[in-house]
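Please read the structure below before turning to the comments.
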Amino acid sequence: MDTKRSAVIFAWLLLAPALIYILLIVAYPLLDTINLSFTDASLKRTYDWVGLENYFKIFERGFGEVIIRTFIWTFFSVAAKMVIGVFGALLLSAAVPGRTLFRVLAMPPWIVPMAIGIFMWGWMYNGQFGMISGLLQRFGLLDGPFPILATGTSAFIATIVTDVWIGVPMVTIYMLAAVQSIPSDLYEAAWTDGAGRFYRFRRITLPLIVPALVTMSMISLISTFNSFDIIWILTKGGPSSATTTMIIDTYKVAIGSYKFGAGAARAVLICIFLSIFCYVYFRAVSRFSGEAAR
C-alpha cells in the first residue's frame, strides 16, 4: 500500500509542472476572458456586468460576413498547404540525385523571420514597382500597374498565397517524416504484384500517413484560423474589410477601439468555433481512417 501511494504521489509530482502551466497560462486567462466578455470593460477604471449584451451586439454589424470570410480563408489556405505539403514530401522522398539539396531549399520560407517574408510579399504585390505586376505587364497580361492589395478579391487571394508560402515547408517536412517511416517492403511487394504508383499511394502511402495528416492539418487549421501577422502587415484587414477575419476584427475592437469586453466576447466565440470544428473534424477523420483501414 505504501509503495502504491508513493507511486501515486511521485506521478502527481511529475505532473505538477504541467498542471501549474495549464492553470496559470491557459485556464486562468481563458476564464478571465470569459468573465470579461460579460462586462462593458474599456479604458475606464470600473466596468459593469452586461450579461450577453456583447454577444448579441456582435451580429449587429455584419459579423456574419466576417465569420464566413474567416472559414473560407482558413479552408483554402489549409487545403493548399496540405496538398502541396504531401506532394512535396513525396517528391523529396524519391531516390533522386541531389535529394538533400532539394530538402534544404524547401526550408527558407520557414527559416526566414515571418515579418521579413511578409514584407517581401508586400513588395511583390505593389502595383507600381512590384515584381508580380511588372511580370504581368511584361507578358502583356496587364495594360498598366495593378495594385493587388488595393482590390478586395485580389487582396484576399494574396493573403492566402502568402500564408501558404509560409506554412508549406513545415507541412512538407512533417509529412516527409511520415512517408519515410513507411516500411519499404510494402512498396516492394506491391511493385512485384504489378501495382502502379497511384495504387501504391492510395492503398499504402495514404492510409499509413493519415495519423500524421490529421495531426498536421489540425495544427495548420488552428494556426491559420488565428493567423494575425500576415493579414495585418499586408492589408490591416482592408481594403474595405475584404480581408478582415475574426482575429483581425477582434484586435480592431479590443485594441483599436479599446472595447475590451466586446473584444473578449469575440475571442470566446473564436474558441467555441475552433472547439466545435476540431470535434467534428476528428470524428470525420476517424471514420475515414476506419474505412481506409478496411
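Nothing fancy with the numbering, it's 1 onward along the sequence. If you're wondering where the values come from, they're calculated on a predicted model, not measured in any experiment.
For F76, the CZ atom is loosely surrounded, since the number of other residues' heavy atoms within 6.0 Å does not exceed 12. Heavy atoms from other residues, nucleotides or ligands lying under 6.0 Å from CD of E65 number 12 at most.
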Side-chain donor-acceptor pairs of residues 139-157 under 3.5 Å, sequence neighbours excluded:
| unit_1 | atom_1 | unit_2 | atom_2 | d |
| --- | --- | --- | --- | --- |
| S154 | OG | I148 | O | 2.5 |
| S154 | OG | T151 | O | 3.1 |

- Before giving the answer on side chain to side chain contact (heavy atoms under 4.5 Å, CB included), spell out for T243 and I248 the whole-Å C-alpha distance, their side-chain angles and the decisive distance to 0.1 Å. CA-CA 9 Å; T243 58; I248 297 295; over 6 Å; no
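Tested against R266, the residues T250, V66, N54 include a single side-chain contact (heavy atoms from CB on, under 4.5 Å) partner, T250.
For W49, the ring pair (Phe, Tyr, Trp, His ring centres under 6.0 Å) criterion is met by F38, not counting sequence neighbours. In this structure W165 satisfies the ring pair (Phe, Tyr, Trp, His ring centres under 6.0 Å) test together with W121, sequence neighbours excluded. With sequence neighbours excluded, the residues satisfying salt bridge (charged side-chain N to carboxylate O under 4.0 Å, His left out) with E53 are K57. In this structure Y251 satisfies the ring pair (Phe, Tyr, Trp, His ring centres under 6.0 Å) test together with F228, W232, sequence neighbours excluded. With sequence neighbours left out, D40 forms a side-chain hydrogen bond (donor to acceptor under 3.5 Å, both in side chains) with K44. For T70, there are no side-chain hydrogen bond (donor to acceptor under 3.5 Å, both in side chains) partners two or more places apart in sequence or in a different chain. In this structure T159 satisfies the side-chain hydrogen bond (donor to acceptor under 3.5 Å, both in side chains) test together with W73, sequence neighbours excluded. Residues passing the side-chain hydrogen bond (donor to acceptor under 3.5 Å, both in side chains) test with T224 are K81, sequence neighbours excluded. By the ring pair (Phe, Tyr, Trp, His ring centres under 6.0 Å) test, F71 is found to be paired with F225, F273, residues two or more places apart in sequence or in another chain being considered. I20 meets the side-chain contact (heavy atoms from CB on, under 4.5 Å) test with L24; sequence neighbours excluded.
Considering CD1 of I222 and OG of S227, their distance stands at 13.5 Å, rounded to 0.5 Å.
Hydrophobic clustering, with ILVMFWY side chains joined whenever heavy atoms are under 4.5 angstrom apart, groups M131 together with I118.
Although no hydrogens or angles enter the test, the distance criterion places no donor-acceptor pair under 3.5 Å between the side chain of S77 and the main chain of T74. A donor-acceptor distance shorter than 3.5 angstrom exists from the side chain of S223 to the backbone of S220, with no hydrogens or angles considered. Checking side-chain atoms of T172 against main-chain N and O of A89 turns up no donor-acceptor pair under 3.5 Å. A donor-acceptor pair under 3.5 Å is formed between the side chain of Y125 and the backbone N or O of A158.
Summarising the hydrophobic clusters (Ile, Leu, Val, Met, Phe, Trp, Tyr; side-chain heavy atoms under 4.5 Å, direct or chained), the residues clustered with L36 are L43, Y47, Y258, F260.
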